Number of protein chains: 2
Amino acid sequence: MAQTQTLSKNQKIILDIIEKANEPLKAYSILFSVQKKGIKAPLQVYRALEKLIKLGKIHKVESRNAFIACKSSNCEISKATAFSICETCEKVTEISDQKLSKYLKNFHDKTGMIYKKYNLEFYGLCTTCKRN
Amino acid sequence: MAQTQTLSKNQKIILDIIEKANEPLKAYSILFSVQKKGIKAPLQVYRALEKLIKLGKIHKVESRNAFIACKSSNCEISKATAFSICETCEKVTEISDQKLSKYLKNFHDKTGMIYKKYNLEFYGLCTTCKRN
DNA sequence: TAACAAACGTTACATTATAACACTATGATA
DNA sequence: TATCATAGTGTTATAATGTAACGTTTGTTA
Ligand SMILES: [Zn+2]
Ligand SMILES: [Zn+2]
Ligand SMILES: [Zn+2]
Ligand SMILES: [Zn+2]
């Protein structure tokens with residue numbers, strides 16, 4: 001029962017912070033904000049992040065070294081992720097597009113390589129920044 | 001004449017190393033191998049890397065913090081990159097697929113955001129590792 | 001209750017990347 | 001030819017990101 005998976009104390013604390021943020025969080029900014037809750041060392045944060053990623057609760061935005069809560073619950077356990085990133089305001093949004101994910105899941109190259117996961121990041125200008 | 005762009009001394013040295021490598025190189029492993037050529041500091045490497053990326057000569061493999069020479073010359077000045085990455089042997093290959101790049105270049109989300117660039121990374125098992 | 005796996009806490013360290021400053025080369029321009 | 005702008009260089013120091021290694025604690029299961 002993967003869905004009933006109960007999180008550990010540290011995992012809950014860190015997921016909570018990431019879910020409440022409206023932007024991707026960096027590992028060390030997470031560390032600073034949980035130090036009052038007794039989490040003092042980077043490793044405690046990174047271990048929780050690693051587990052949360054495995055569970056698909058959060059994703060890493062690779063080009064930004066930052067972590068964001070999963071909003072789509074379509075990206076089965078983090079195997080298929082897509083983000084839009086504004087290069088001006090750094091706003092990051094998870095893309096949930098059935099056609100896109102279907103297209104990418106079915107993608108095969110000529111070599112016959114087996115793809116288990118993918119991560120796609122679009123960079124551009126969000127609608128707010130476009131106006132300014 | 002973007003093609004006739006001439007590279008500086010450091011840029012040439014570093015591009016040369018990356019092009020001759022058959023794997024993505026890390027910034028500090030580049031640094032170590034160019035120290036005999038007088039490049040002593042990380043910044044000298046990172047500055048050259050930054051320029052080479054802008055020119056589309058190399059790409060950064062974001063999830064690996066590593067740099068690889070562009071093989072496709074279809075990804076106009078690094079605006080559209082796709083890689084396949086073997087999670088076992090860490091072999092990285094740039095994907096040149098007309099259909100894929102066309103599909104992604106034309107992708108629009110509901111928000112109306114303008115996409116200028118994208119980077120896609122597939123993770124899986126290469127054909128060599130599949131056999132073992 | 002023994003045995004095991006997962007999570008925890010801690011110290012130390014490794015890796016990746018940038019800030020700040022002064023200097024140099026190059027080519028355009030007036 | 002002076003002078004101006006731009007890009008590149010070299011250097012020191014430091015910031016930011018991520019792990020290794022060790023032993024302990026906790027919860028689950030046989
Ligand atoms: Zn998701
Ligand atoms: Zn924006
Ligand atoms: Zn390329
Ligand atoms: Zn492989």
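Chain naming here is simple, since letters A, B, ... match the order of the sequence lines and numbering starts at 1 in each. Both backbone and side-chain heavy atoms feed into the values below; hydrogens, waters and symmetry mates do not. None of the values given here were measured: they were computed from a predicted structure.
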More 5' along DNA chain D: R47(A) or N10(B), using each one's nearest nucleotide?
N10(B)

Does K130(B) have more than 12 heavy atoms from other residues, nucleotides or ligands lying within 6.0 Å of its NZ?
yes

Minimum heavy-atom distance M113(A)-D109(A), with the two atoms named
N-OD1, 3.5 Å

L7(A) atom CG is separated from dA7(C) atom C1', nearest whole Å, by 12 Å

Set of salt bridge (Lys or Arg N to Asp or Glu O under 4.0 Å) partners for E87(A), sequence neighbours left out
K117(B)

Counting only side-chain N and O atoms of K9(A), is one of them less than 4.0 Å from OP1 or OP2 of dT25(D)?
no

Side chain to side chain donor-acceptor pair (under 3.5 Å) partners of Y46(A), counting only residues at least two apart
none

Roughly what angle, to 10°, lies between the helix axis at the start of the helix from dT1(C)-dA30(D) to dA30(C)-dT1(D) and the one at its end, five pairs per end?
30°

Please set out all donor-acceptor pairs under 3.5 angstrom arising from side-chain atoms of residues 26-34 of chain B, sequence neighbours excluded.
unit_1: K26(B); atom_1: NZ; unit_2: R64(B); atom_2: O; d: 3.1
unit_1: S29(B); atom_1: OG; unit_2: K26(B); atom_2: O; d: 3.2
unit_1: S33(B); atom_1: OG; unit_2: S29(B); atom_2: O; d: 3.0
unit_1: S33(B); atom_1: OG; unit_2: I30(B); atom_2: O; d: 3.0

Heteroatom pairs (N/O) under 3.5 angstrom, protein to nucleotides 13-19 of chain D:
unit_1: dT17(D); atom_1: OP1; unit_2: K26(A); atom_2: NZ; d: 2.7
unit_1: dG18(D); atom_1: OP1; unit_2: K60(A); atom_2: NZ; d: 2.7
unit_1: dG18(D); atom_1: OP1; unit_2: N65(A); atom_2: OD1; d: 3.4
unit_1: dG18(D); atom_1: OP2; unit_2: Y46(A); atom_2: OH; d: 3.0
unit_1: dG18(D); atom_1: N7; unit_2: Y28(A); atom_2: OH; d: 2.8
unit_1: dG18(D); atom_1: O6; unit_2: Y28(A); atom_2: OH; d: 3.2

Sequence neighbours excluded, the answer for salt bridge (Lys or Arg N to Asp or Glu O under 4.0 Å) partners of D16(B) is K20(B)

Please go through L43(B)'s hydrophobic cluster and name the other residues, only I, L, V, M, F, W, Y counting, with side-chain heavy atoms under 4.5 Å joining them.
none

State which of dT9(D), dA7(D), dG10(D) makes the closest approach to the side chain of Q44(B).
dG10(D)

Give me each pair satisfying ring pair (Phe, Tyr, Trp, His ring centres under 6.0 Å) with a member in residues 96-115 of chain B, each pair once, sequence neighbours excluded.
Y103(A)-Y103(B), F122(A)-F107(B), F122(A)-Y115(B)

Establish, with yes or no, whether the OP1 or OP2 oxygen of dT9(D) is under 4.0 angstrom from a side-chain nitrogen or oxygen of S8(B).
yes

So does K40(B) get a side-chain nitrogen or oxygen closer than 4.0 Å to the phosphate oxygens (OP1/OP2) of dT11(D)?
yes

If I take atom CD in residue Q11(B) and atom P in nucleotide dG10(D), what distance separates them, rounded to the nearest angstrom?
12 Å

Measure the distance from CD on E50(A) to P on dA20(D) and round it to the nearest whole Å.
10 Å

Nearest to the K51(A) side chain among dA21(D), dA7(D), dA6(C), which nucleotide is it?
dA6(C)

Linking directly or through intermediates, with side-chain heavy atoms under 4.5 Å: list the remaining ILVMFWY members grouped with I68(A), chain and number order.
V61(A), F83(A), I85(A), V92(A), Y123(A)

